[in-house]
Amino acid sequence: MTSLELESSDNEDEFEGVGTVYRGRLFRREVRRRRGFLQAALVIVTVFVGIAWLTVDSKEETRAKQMEVMKEKSVKNSSSYCSQLCPARLAQRKRRHGGDLRDIKDLSSNVQSAKVKLVEDLKKKYGSYYDTIMMENGKWRGGFQAVTPEISGPRFRRKLKMKILEMQVLLQAENSNVDGCDCNEEKGSKYKSRRQLEVENVVLPDLKQTYANFVWATGGHSAAAGHGNLYNESYTAMMERSVKPIFKSVGIAFDGRNYAMGGMRSAPEIALCQESIFGVDADIITWDFGMTDVPHSWKHFLYLSRAGTHRNRPAFIGINIHGFDFEEKLSVYKKAEAKGLTTFYLSGEVIKNMQDVVPDMFGMNQEEIDAIPEYVRYFKCQNEIEKSDPGCADNKYNEALCSNRRHKAPWHPGWKSNSLYGNLMAFFLIENLESTIEELIKEDFDPATKLRELKDEEQKDYEIFANDGKLENVAIPGFLEESIVPDVHPDMIHHAQTICHTALAPSKLRYEGILTETDLKGIIDYEQGISKVKADKGKSEGPMRLVFDEGQRNPPCPVLTKVDYKDFFYANEKDGWTSLSIPNDSEKQEYGPWTPRGLIMVCFLICDWGKCPDGDIREPALKDEKLKMKVNGVNVVELIQTAECSIMKHDDGYFFEADDNGRYEIEVLIVPSETETIQYTKITSVIVF
């Protein structure tokens with residue numbers, strides 16, 4: 001018999017429950033007791049639910065009511081209310097930020113406090129070797145050098161000043177309306193704490209930690225990407241961990257983007273896709289393609305030239321540029337600098353000097369080796385870095401996690417080398433930030449006015465480069481010669497705005513969902529497309545499919561080991577006509593107003609070691625009619641190869657007209673073959689000038 005049946009029964013004589021017999025009044029008393037417990041429990045639960053609901057449902061509504069109570073207490077005197085609220089807001093900011101971010105002297109103090117913590121951390125890692133490795137003449141080693149210190153140095157500090165001023169302008173705007181009070185000029189001599197105000201029924205709004213962003217974007221090959229190591233052991237990650245708290249202390253969020261890609265050259269594809277890959281907000285763009293660009297110096301210089309046309313006016317930093325053509329590179333850097341670009345490079349001599357003072361494990365017994373700090377233990381053996389015995393080669397990579405990861409090659413640096421590079425990068429940024437703040441302390445300025453002045457100065461430098469930034473020695477063999485492409489002026493390649501529709505990862509285009517126009521975003525959760533195996537089992541319903549090669553993915557690991565993948569837009573002979581629409585709506589929004597000229601370049605997937613598998617269709621197939629392409633319905637009659645990419649040509653030239661929406665519909669058809677091997681093409685990027 002159920003509880004409900006027990007409660008509703010009219011039989012007073014006898015009821016049989018499960019293992020118990022209730023009789024007459026005894027039964028009814030038990031029922032009333034149980035009902036009482038249930039009702040009491042229901043009341044208690046209701047009360048607690050009500051309290052919880054009030055707590056989480058309307059925090060902002062509650063705060064608004066509390067503010068109204070406080071305003072009533074001020075006897076309808078708004079100045080009295082604000083004179084209590086604003087000083088408390090200032091005290092809140094000082095607790096939150098370690099000082100008043102509007103006060104340049106407080107910024108200086110914040111940086112020094114954060115720097116002390118960084119030095120303490122480095123001394124734990126390097127022990128007694130910290131001074132000999134990291135310091136020189138009582139200062140941090142200056143590994144990054146301005147090509148011309150009196151030119152690029154002030155320009156870079158100008159960029160940092162703009163970040164500080166941007167932070168202050170946004171903070172002032174936020175502070176101008178704190179629940180209706182302008183708190184940029186605090187009134188009242190005594191600052192009330194948050195707790196005191198809460199007693200008076202006032203809860204202060206939350207504060208942001210940062211108000212501006214600074215972005216370092218790393219471009220490079222596999223060594224720069226950190227291959228062989230965990231992703232957080234790349235030199236960019238090492239640098240970011242050191243620098244992030246320093247910049248945060250002055251209200252600036254620091255973002256170190258390691259967007260290097262294994263096996264890639266710096267140009268033409270990466271050079272022409274910088275904004276799509278590194279983002280339109282990059283403040284520094286680096287070059288570290290020494291192994292893959294050799295001996296084609298024009299790639300380096302085209303990459304440099306395109307950095308000079310980036311809309312955010314980033315500084316350019318060359319990493320590992322030392323070698324047989326160092327003087328040539330430095331000469332071109334100087335020309336770029338003279339035309340308005342901020343240029344730096346990492347000194348190979350400084351790296352060598354640091355490595356020279358690293359303790360050598362050779363000749364030490366095991367007890368002595370074990371006593372060496374972790375960041376220099378097994379770093380150098382027999383005067384070789386990360387090689388030789390006793391144990392330097394075996395201890396090059398971190399084997400504690402996911403030891404089966406790929407790319408642990410002899411030519412890739414280990415995490416200890418990456419740490420040295422990362423520290424030098426951090427020193428460069430921190431010392432420039434300190435110098436910038438010192439300069440601002442000596443000036444009397446209004447943040448908004450000063451910010452406009454500096455932006456105008458930067459724009460003038462940018463316009464010099466945009467109008468006259470062609471660098472000597474920047475010739476693309478097989479492309480820029482007049483006899484091959486007579487209608488295309490080299491200045492277009494150096495300076496014209498492009499939209500790069502790229503499948504390559506990492507890229508902001510992929511991570512922000514711009515390419516796929518999806519809400520799937522982030523370095524882990526972005527839209528990855530489908531595997532080639534799955535693509536070959538089905539067929540496209542119209543658009544070219546975004547596809548990845550499963551063989552490129554690393555074995556599963558709880559942390560990131562690699563993020564760079566040569567994904568591609570895919571079409572095979574089963575698909576029929578497939579297409580890409582460029583730019584899509586998200587690209588239009590991201591890159592803003594744009595007047596296309598209609599020059600279109602297509603980049604096919606670079607095959608490993610230059611050996612493409614059977615069935616791979618690319619440029620020559622167009623002449624053989626195995627591949628057909630159209631742009632807005634106009635036939636492409638030729639693909640003129642320009643290094644790793646090709647420029648499209650139709651019967652009347654090289655420039656295609658956009659449709660009424662400013663778009664280009666790129667159509668691709670793989671003609672079915674009689675062979676058993678399926679025919680396909682892989683396109684990594686389409687670039688529209």
Side-chain angles (χ1 to χ4, degrees), residues 90-126 130-131 134-144 146 149 152-172 174-175 207-216 236-256 283-284 315 317 342 344 422-445 447 450-451 454:
L90 176 60
Q92 180 195 29
R93 284 205 313 271
K94 288 189 173 183
R95 288 191 302 273
R96 174 72 163 162
H97 301 132
D100 187 351
L101 295 182
R102 299 171 304 165
D103 188 331
I104 298 297
K105 291 182 179 179
D106 279 3
L107 299 185
S108 179
S109 298
N110 285 359
V111 169
Q112 294 308 312
S113 297
K115 185 178 175 182
V116 167
K117 294 179 181 178
L118 172 60
V119 171
E120 290 175 352
D121 180 62
L122 290 174
K123 287 183 175 180
K124 289 179 182 177
K125 293 174 178 176
Y126 288 91
Y130 167 79
D131 287 332
M134 303 297 171
M135 306 291 287
E136 186 176 33
N137 299 324
K139 297 181 179 180
W140 278 338
R141 291 185 185 269
F144 287 86
S152 286
R155 283 179 186 163
F156 185 59
R157 292 193 294 277
R158 178 180 64 197
K159 174 68 78 174
L160 289 170
K161 286 179 184 178
M162 290 167 62
K163 296 295 179 179
I164 291 172
L165 295 170
E166 178 186 339
M167 173 273 294
Q168 292 186 326
V169 168
L170 291 174
L171 180 57
Q172 284 184 340
E174 178 187 80
N175 218 40
L207 278 170
K208 294 194 297 184
Q209 185 69 53
T210 58
Y211 294 84
N213 301 302
F214 190 95
V215 177
W216 172 301
T236 307
M238 298 278 194
M239 172 267 297
E240 184 186 48
R241 282 196 293 276
S242 294
V243 166
K244 209 173 186 72
I246 308 286
F247 275 71
K248 185 179 179 182
S249 75
V250 296
I252 300 173
F254 185 89
D255 185 3
D283 297 299
I284 289 175
I317 299 179
T342 304
F344 294 85
N423 287 328
L424 284 178
M425 294 170 183
F427 298 164
F428 163 74
L429 291 166
I430 294 167
E431 288 184 333
N432 273 281
L433 182 61
E434 287 179 304
S435 298
T436 298
I437 292 172
E438 289 173 6
E439 291 177 8
L440 287 174
I441 286 175
K442 299 175 183 177
E443 300 180 36
D444 183 17
F445 59 86
K450 183 71 174 177
L451 180 58
L454 295 181

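- Note that the CG atom of Leu107 and the CD atom of Glu434 stand 12.5 Å from one another [nearest 0.5 Å].
- Interatomic distance, CZ of Arg157 versus CG of Leu454, reported as 12.5 Å (0.5 Å rounding).
- Rounded to the nearest 0.5 Å, atoms CZ (Arg141) and CE (Met134) are 9.0 Å apart.
- Tested against Asp283, the residues Val215, Leu160, Asp255, Asn213 include a single side chain to side chain contact (heavy atoms under 4.5 Å, CB included) partner, Val215.
- For the pair Ile430/Leu118, a side-chain contact is recorded, criterion being any heavy-atom separation below 4.5 Å from C-beta on.
- By the 4.5 Å heavy-atom criterion applied to side chains, Leu171 and Arg102 are counted as neighbours.
- Contact of the Met239 side chain with the Leu429 side chain is registered, since non-hydrogen atoms from C-beta on lie closer than 4.5 Å.
- Here the CG-OH distance, from Asp131 to Tyr126, works out to 13.5 Å after rounding to the nearest 0.5 Å.
- In this structure, Ser109 contributes its side chain and Lys105 its backbone to a donor-acceptor pair below 3.5 Å.
- At least one donor-acceptor pair closer than 3.5 Å links the side chain of His97 to the backbone N or O of Lys208.
- Contact of the Ile437 side chain with the Val250 side chain is registered, since non-hydrogen atoms from C-beta on lie closer than 4.5 Å.
- For Arg241 against Pro245, the heavy-atom pair with the smallest separation is O-CD, 3.4 Å.
- In Lys248, the NZ atom is not crowded: 12 or fewer heavy atoms of neighbouring residues, nucleotides or ligands sit closer than 6.0 Å.
- When side chains are defined from C-beta on, Lys125 does not count as touching Asn423, because their heavy atoms never get closer than 4.5 Å.
- Considering only heavy atoms from C-beta on, Val111 comes within 4.5 Å of Ile246 through its side chain.
- Contact of the Met425 side chain with the Glu240 side chain is not registered, since no non-hydrogen atoms from C-beta on lie closer than 4.5 Å.
- Partners of Glu431 by salt bridge (charged side-chain N to carboxylate O under 4.0 Å, His left out), not counting sequence neighbours: none found.
- Note that CG of Leu165 is 5.5 Å distant from CZ of Phe445, once rounded to the nearest 0.5 Å.
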If you apply the rule side-chain contact (heavy atoms from CB on, under 4.5 Å), what do you find for Asn175 with Leu90, and how did you get there? CA-CA 9 Å; Asn175 218 40; Leu90 176 60; over 6 Å; no
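- Taking the centre of each ring, Phe156 and Phe144 stay at or above the 6.0 Å mark.
- A 4.5 Å side-chain heavy-atom check between Lys163 and Phe247 finds every atom pair outside the cut-off.
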Please report the C-alpha distance between Arg93 and Leu101 in whole Å, then the side-chain angles of each, then the deciding distance to 0.1 Å, and finally whether the side-chain contact (heavy atoms from CB on, under 4.5 Å) criterion is met. CA-CA 8 Å; Arg93 284 205 313 271; Leu101 295 182; over 6 Å; no
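- The two residues Pro149 and Pro154 make their nearest non-hydrogen contact at O-CD, 3.2 Å.
- Evaluated for a side chain to side chain contact (heavy atoms under 4.5 Å, CB included) with Tyr211, the options Gln172, Gln168, Glu174, Glu166 yield exactly one hit, Glu174.
- In this view, Lys117 satisfies the side chain to side chain donor-acceptor pair (under 3.5 Å) rule with no residue, not counting sequence neighbours.
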For the pair Ile284 and Phe214, evaluate side-chain contact (heavy atoms from CB on, under 4.5 Å) and give the outcome as yes or no after the intermediate values. CA-CA 9 Å; Ile284 289 175; Phe214 190 95; 3.8 Å; yes
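- Remark: Glu443 CD to Ile441 CD1 distance equals 10.5 Å, nearest 0.5 Å.
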